[in-house]
Amino acid sequence: MAKVKLPDGKLLDVPDGTTIGEIAQKIGAGLAKAAIAAHIQGRTVDLSTPVKGEVDLRILTTKDPESIEIQRHSCAHVMAEAICRLWPSTKLVYGPTVRDGFYYDIDLDEPVRPEDFERIEAEMNKIVTADSPMKRIEVSRQQALQKVAGDPYKTDNIQRATGDVISFYSHGDGFADLCRGPHVPSTGKVGFFKIMSVAGAYWHGDASQKMLQRVYGTCWPTKKDLQDHLDRIEEAKKRDHRIIGRQLDLFSFHDEGPGFAFLHPKGMIVWNAIIEFWRKVHDRYGYSEIKTPIILNEALWHRSGHWDHYKENMYFTTVDEVNYAIKPMNCPGGLLVYNTHKHSYREFPMRVAELGLVHRYEASGQMHGLVRVRQFTQDDAHIFCMPEQIESEIIGVIELVQELYGAFGFKDYHIELSTKPAKHIGSDEIWEIATNALAGALKHKGLAYQINEGDGAFYGPKIDFHIEDCLKRSWQLGTIQLDFSMPERFELVYTAPDNTEKTPVMIHRAILGSLERFLGILLEHYAGNLPLWLSPEHARVMPISEKTNEFAERLVVRIKQAGLRSSLDASSDKIGAKIVRAHADKVPYMLVVGPKEAEADSVSARIRGGQDSKIVSVQQWIEMTKNKIAEKAMDLAI
RNA sequence: GCCAACGUAGCUCAACGGUAGAGCACCGGUUUUGUAAACCGGCGGCUGAGGGUUCGAUUCCCUCCGUUGGCUCCA
C-alpha cells in the first residue's frame, strides 16, 4: 500500500501502482475532470504516474498557475501533430512554452502562411475533440536514438538531454514526439488557443545553420482568458510609440534615411525638456559636459580597438583621400580631450558627460521605430578615477540612474550584469577585478540582477538596465561599463599622490541610453499622455465662439509670458469638436473660454481624460500649472 | 543580413484582371456655437520603384527599396 499525503494534510492509503489520475477520481469526479498534472515530492509529473511508498501529492487543476505552462506545452504538441497531418514531410525540431503561449520550430520546405492558420487550428480542434490520451513512453537512451534514427533534430535533442531515461509522448494514432513532459492527460485538456504568427528562426539560434519556421501560438485555460489576451494585444498596439509619434506629430521616418529619425517641432519640445532636466541633475552629481566631433580619422579607431571589434557596425567616409569613421561611440573622442593636459589624482573622480550623436550600422531587419535606429544620441559620460574609487563611483551612477528613472515614472526595470565575451581585449585578471567591482556595487545597493555570461562589451564587463515596451519586448536603456583597456591604449595617465604616473580607471556610462529609444519607451509608458512637464503643449485655449477669440488670443500670450506652452483653437468648430481634437492631441489642460470667462478673467479648465470642468481664475491656473511643472507632478487635478 | 507578410490621397482603409473610392485632415463658404465630432462645396493619386505576362495590371509573375512580426545582433 502507498501512503499519499494531500495538501490539506489528509492521508490516503491506495494500493502501490495506483496512478495519480485514479487517486484524483477517488477524491472526487470534479477534481478528476479539472486535473492537469500533479506535484509529487516537489516534481511536476503526469497524472498517469503511479505512486508507491510515502508521497506528498498535490493535484494541479486548471486553477493552478503552474498548469497553464503544461497546457501550453501540450498545446504545442497538438499543433505539431496538426502541422504534420497537413504537411506530412514536416520535421519537428523544438517546441517550448514562452510568455503567453508556445512555439514550435519546424523544418518544412513549403512556407507556412498566415492564411494556413485557420486550417491548422481546425486540425488542432479535431485532435482536441478526439480527446485521446497523451501517453508517456519511457525508453533507454539507446532505444530512443534508434527510434529517431535519421532525424538530425531529434537525435540532437536526445544528445542534449540528461539522464538515462528518454521519454516520448504519443497521442495515439501514430503521432509521437520526443519530450521530457509532463503533459495534460488527454488532448482535450490543452485549453483555448490561437495560432498567432510564423517567423524564421535559426537552428540553435545560429545564423550559419538552416533557417527553420517558427509557428507561434497562444493558449489559455478558458475562452475568456484567450479573448482577454487578444484584447490586451489590441490595446497594446494603441500604445505603440510609432503610432503615437505620428498622431501627436512628434517625429517621422522616411525612405530616404532608414533608421534615422526626423524630430518634428513638438518632438523637439519633449526632447529639450528631457535634456534640460538631465543637465540639471548631472550638474548636481558633479559632472562636466563636453562635445566631440562625429567624424574622426580612421587611425583613432584602430587605436581604440573599434576597428578590430566593431567595424561591421561602423560607417566610413573619405575626405581628401584620408579615411574617416563616423563615430559609433563617444569614448575615443573623450580620451583625446582627457589627454589635452596633465591630470592629478586630486581631480578624481573626474566625471565628463557628453550628449553624443553616434551612428551604428544595423542590419535592415533590426530597425524598430525610435527604439532601434542607426543614428542616436547617447547620454554618455566617462568617469576617470583611481581603482579604489571604482565601487563608490558605480554606486553613485546607480543612484543617478534611480533618480532619473524615478523622475520619468519608471519603476519596472531589470538589471543585468554581463561578463567577458569571447571577443575581448584585456587580461582575465583585469576582467575579474572589474566584474567583481560591478557586482559589489549592485550588492551594496541591494539590487537584484541577472548574470549574462559572455555578454560584456569587448573592452569590459557591464551593468545594463532594461525596460519593456508595449509589446513586452525588453530594451536596454542605461549601461555602466568598466574599462581598464582603453586608458592603456590611449596612454592615459594621472599623477598619483606618490608623484608617480599611473593609468586611470575609466567607467563608461549612459543612463537614458539612447535619447531616441528613451523617447519611444516614454511614449509607450504613458500611452502618449506625457506628464505635464514633458507635454509639448501644456494647455489649449478653446474659445466657445469667435466672440471670445480676442480674449483667447491674449490668454495664449499671457500663458507664454508665464513660461508655459499653449496653443489656440480658433476654428469655427463647436466646442465639442475642439475638445475631441484636444483629446486626440493628448493636451493635459483644455481651457474653454466664453463671454463669462472673459468677463471674470477665468477659464473653464478641463483635464485630459476627464469629463468635468472647473472654473478657475487665469492667475490661479497659471500658478498651479507652474507649480506642477516645477514638482514634475504626475497628477493633473486642479 | 535571414524567413514570412505588407506597401493605394497627409492619416485610416475600400476597389471578381476592365475608367482608382470613402471617412478624417486640408482649402472655401454657411453657421456664432457652452464641454468627447454642425452643414455644404472643393482640392488631393505615375496605386513604393523598375521590369515582365495580358487587348487591358492596384490586382498575376520577377528584381529592388521600405515597413511590420520574428531569428541573429545590439543602446
Side-chain angles (χ1 to χ4, degrees), chain A residues 98 103 105 111-116 196-216 237 240 242-243 246-247 249 252-259 310 312-313 328-329 358 360-380 418 455 457 462 464-467 471 473 475-479 481 508 510-518 520-521 542-549 571-584 590-597 604-606 608-614:
Chain A
V98 289
Y103 67 77
D105 281 346
V112 174
R113 298 200 162 85
E115 51 264 38
D116 297 322
M196 301 301 285
S197 64
V198 58
Y202 300 110
W203 192 27
H204 294 325
D206 178 349
S208 65
Q209 294 285 351
K210 181 168 185 182
M211 178 151 279
L212 308 166
Q213 298 191 67
R214 178 168 295 179
V215 185
Y216 283 88
K237 280 185 187 158
D240 191 319
R242 294 164 299 181
I243 310 286
R246 189 159 39 224
Q247 278 171 351
D249 194 17
S252 57
F253 284 92
H254 303 270
D255 286 2
E256 289 81 355
Y310 208 72
E312 314 78 60
N313 291 297
M329 295 184 195
V358 297
R360 296 183 186 177
Y361 171 74
E362 296 289 344
S364 61
Q366 311 292 0
M367 262 100 70
H368 180 82
L370 287 177
V371 299
R372 191 77 187 266
V373 289
R374 285 177 171 164
Q375 175 196 263
F376 59 98
T377 308
Q378 272 188 318
D379 67 323
D380 212 347
S418 299
D455 220 23
K462 56 177 186 168
D464 293 326
F465 298 83
H466 295 254
I467 202 155
L471 297 173
R473 286 174 296 209
W475 298 96
Q476 183 178 320
L477 291 185
T479 182
Q481 309 180 348
H508 308 242
I511 294 182
L512 308 182
S514 143
L515 288 184
E516 284 79 355
R517 172 176 291 178
F518 187 74
I521 296 286
M542 307 187 299
I544 293 287
S545 79
E546 286 171 21
K547 287 175 190 159
T548 322
N549 275 4
S571 65
S572 65
D573 287 305
K574 288 165 77 169
I575 194 65
K578 295 184 184 186
I579 286 168
V580 166
R581 220 170 11 242
H583 267 119
M590 297 163 211
L591 307 181
V592 176
V593 292
K596 278 184 283 180
E597 286 78 12
S604 170
R606 231 181 121 123
R608 172 178 69 197
Q611 291 287 348
D612 16 279
S613 55
K614 198 164 182 178

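Just so it is clear, the structure is predicted and the values come from calculations on it, not from any experiment. Convention: sequence-line order gives letters A, B, ...; per-chain numbering from 1.
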Roughly, in whole Å, what's the span from [atom1] in [X] to [atom2] in [N]?
| X | N | atom1 | atom2 | value |
| --- | --- | --- | --- | --- |
| A:Phe253 | B:rC11 | CZ | P | 15 Å |
| A:Tyr361 | B:rC73 | OH | P | 16 Å |
| A:Asp240 | B:rU67 | CG | P | 14 Å |
| A:Lys547 | B:rU31 | NZ | P | 13 Å |
| A:Met367 | B:rC73 | CE | C1' | 13 Å |
| A:Gln247 | B:rG10 | CD | C1' | 14 Å |
| A:Lys578 | B:rA25 | NZ | P | 14 Å |
| A:Tyr202 | B:rA4 | OH | C1' | 13 Å |

When you compare [N] with [M], how far apart are their [atom1] atoms, in angstrom units rounded to a whole number?
| N | M | atom1 | answer |
| --- | --- | --- | --- |
| B:rC71 | B:rG50 | C1' | 30 Å |
| B:rU58 | B:rG51 | P | 13 Å |
| B:rG41 | B:rC24 | P | 12 Å |
| B:rG7 | B:rU59 | C1' | 14 Å |
| B:rG10 | B:rU47 | P | 12 Å |
| B:rU72 | B:rA9 | C1' | 38 Å |
| B:rA25 | B:rC13 | C1' | 15 Å |
| B:rC62 | B:rA22 | P | 33 Å |

### Message
Between A:Trp203 and A:Asp105, is there a side-chain heavy-atom distance shorter than 4.5 Å?
### Response
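They are not in contact (no side-chain heavy atoms under 4.5 Å apart), so the answer is no.
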### Query
Below 4.5 Å, heavy atoms only, C-beta onward: do A:Gln476 and A:Lys462 meet side chain to side chain?
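Yes, at least one pair of side-chain atoms sits under 4.5 Å.
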Let's see if you can work this out: which of [options] has an atom nearest to the side-chain heavy atoms of [X]?
| X | options | answer |
| --- | --- | --- |
| A:Ala207 | B:rA75, B:rU72, B:rA4 | B:rU72 |
| A:Asp573 | B:rA38, B:rU67, B:rG1 | B:rA38 |
| A:Pro114 | B:rG70, B:rA4, B:rU67 | B:rA4 |
| A:Asp455 | B:rG66, B:rA25, B:rC74 | B:rC74 |
| A:Gln366 | B:rA38, B:rA36, B:rC73 | B:rC73 |
| A:Arg517 | B:rC74, B:rG1, B:rG34 | B:rC74 |
| A:Phe376 | B:rU33, B:rA75, B:rG70 | B:rA75 |
| A:Ser545 | B:rA75, B:rU32, B:rG70 | B:rU32 |
| A:Lys596 | B:rA5, B:rG34, B:rU35 | B:rG34 |
| A:Ser572 | B:rU31, B:rU35, B:rG1 | B:rU31 |

Heavy atoms only, 4.0 Å cut-off, all strands: where does [X] land among base, sugar-phosphate and nothing?
| X | value |
| --- | --- |
| A:Gly513 | nothing |
| A:Tyr216 | sugar-phosphate |
| A:Gly257 | nothing |
| A:His368 | sugar-phosphate |
| A:Glu362 | base |
| A:Gly576 | sugar-phosphate |
| A:Val373 | base |
| A:Gly205 | sugar-phosphate |
| A:Arg374 | nothing |
| A:Ile575 | sugar-phosphate |
| A:Ala577 | sugar-phosphate |
| A:Met590 | nothing |
| A:Arg360 | base |
| A:Arg113 | sugar-phosphate |

Is the phosphate of [N], meaning OP1 or OP2, less than 4.0 Å from a side-chain N or O of [X]?
| X | N | result |
| --- | --- | --- |
| A:Arg608 | B:rA36 | no |
| A:Arg242 | B:rU68 | yes |
| A:Gln611 | B:rA36 | yes |
| A:Arg473 | B:rG70 | yes |
| A:Ser364 | B:rG1 | yes |
| A:Lys574 | B:rC39 | no |
| A:Arg372 | B:rC73 | no |

#### Entry: A:Phe376 vs A:Val358, side chain to side chain contact (heavy atoms under 4.5 Å, CB included): CA-CA, chis, key distance, verdict
CA-CA 6 Å; A:Phe376 59 98; A:Val358 297; 3.7 Å; yes
### Message
How long is the straight-line distance from CG of A:Asp464 back to CD of A:Gln481, given to the nearest 0.5 Å?
### Response
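Answer for the CD-CG pair, A:Gln481 versus A:Asp464, is 7.0 Å.
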### Query
Considering every strand shown, what is the Watson-Crick or G-U wobble mate of B:rG42 when both distances are under 3.5 Å?
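B:rC26 is the nucleotide pairing with B:rG42.
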### Task
Please confirm whether the backbone N or O of A:Pro328 pairs with a side-chain atom of A:Arg360, one donor and one acceptor, at under 3.5 Å?
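Yes, the answer is positive, given that a donor and an acceptor are paired below the 3.5 Å cut-off.
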### Task
Start with the C-alpha gap between A:Val371 and A:Arg473, add the side-chain angles, then the distance that decides, and say whether side chain to side chain contact (heavy atoms under 4.5 Å, CB included) holds.
CA-CA 11 Å; A:Val371 299; A:Arg473 286 174 296 209; over 6 Å; no
### Query
So does A:Lys210 have more than 12 non-hydrogen atoms from other groups sitting under 6.0 Å from NZ?
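For A:Lys210, atom NZ is crowded (more than 12 foreign heavy atoms under 6.0 Å).
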### Message
Can you say whether a donor on the side chain of A:Glu597 sits under 3.5 Å from an acceptor on the base of B:rG34, or the other way round?
### Response
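Looking at the base of B:rG34, it does pair with a donor or acceptor on the side chain of A:Glu597 (distance under 3.5 Å).
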### Query
When the nearest nucleotide of RNA chain B is assigned to A:Ser604 and to A:Arg246 on a heavy-atom basis, which residue is associated with the more 5' position?
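Nearer the 5' end of the strand: A:Arg246.
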### Message
With side chain to side chain contact (heavy atoms under 4.5 Å, CB included) as the criterion, how do A:Phe253 and A:Met367 come out once you've worked through the C-alpha distance, each side chain's angles and the decisive distance to 0.1 Å?
### Response
CA-CA 11 Å; A:Phe253 284 92; A:Met367 262 100 70; over 6 Å; no
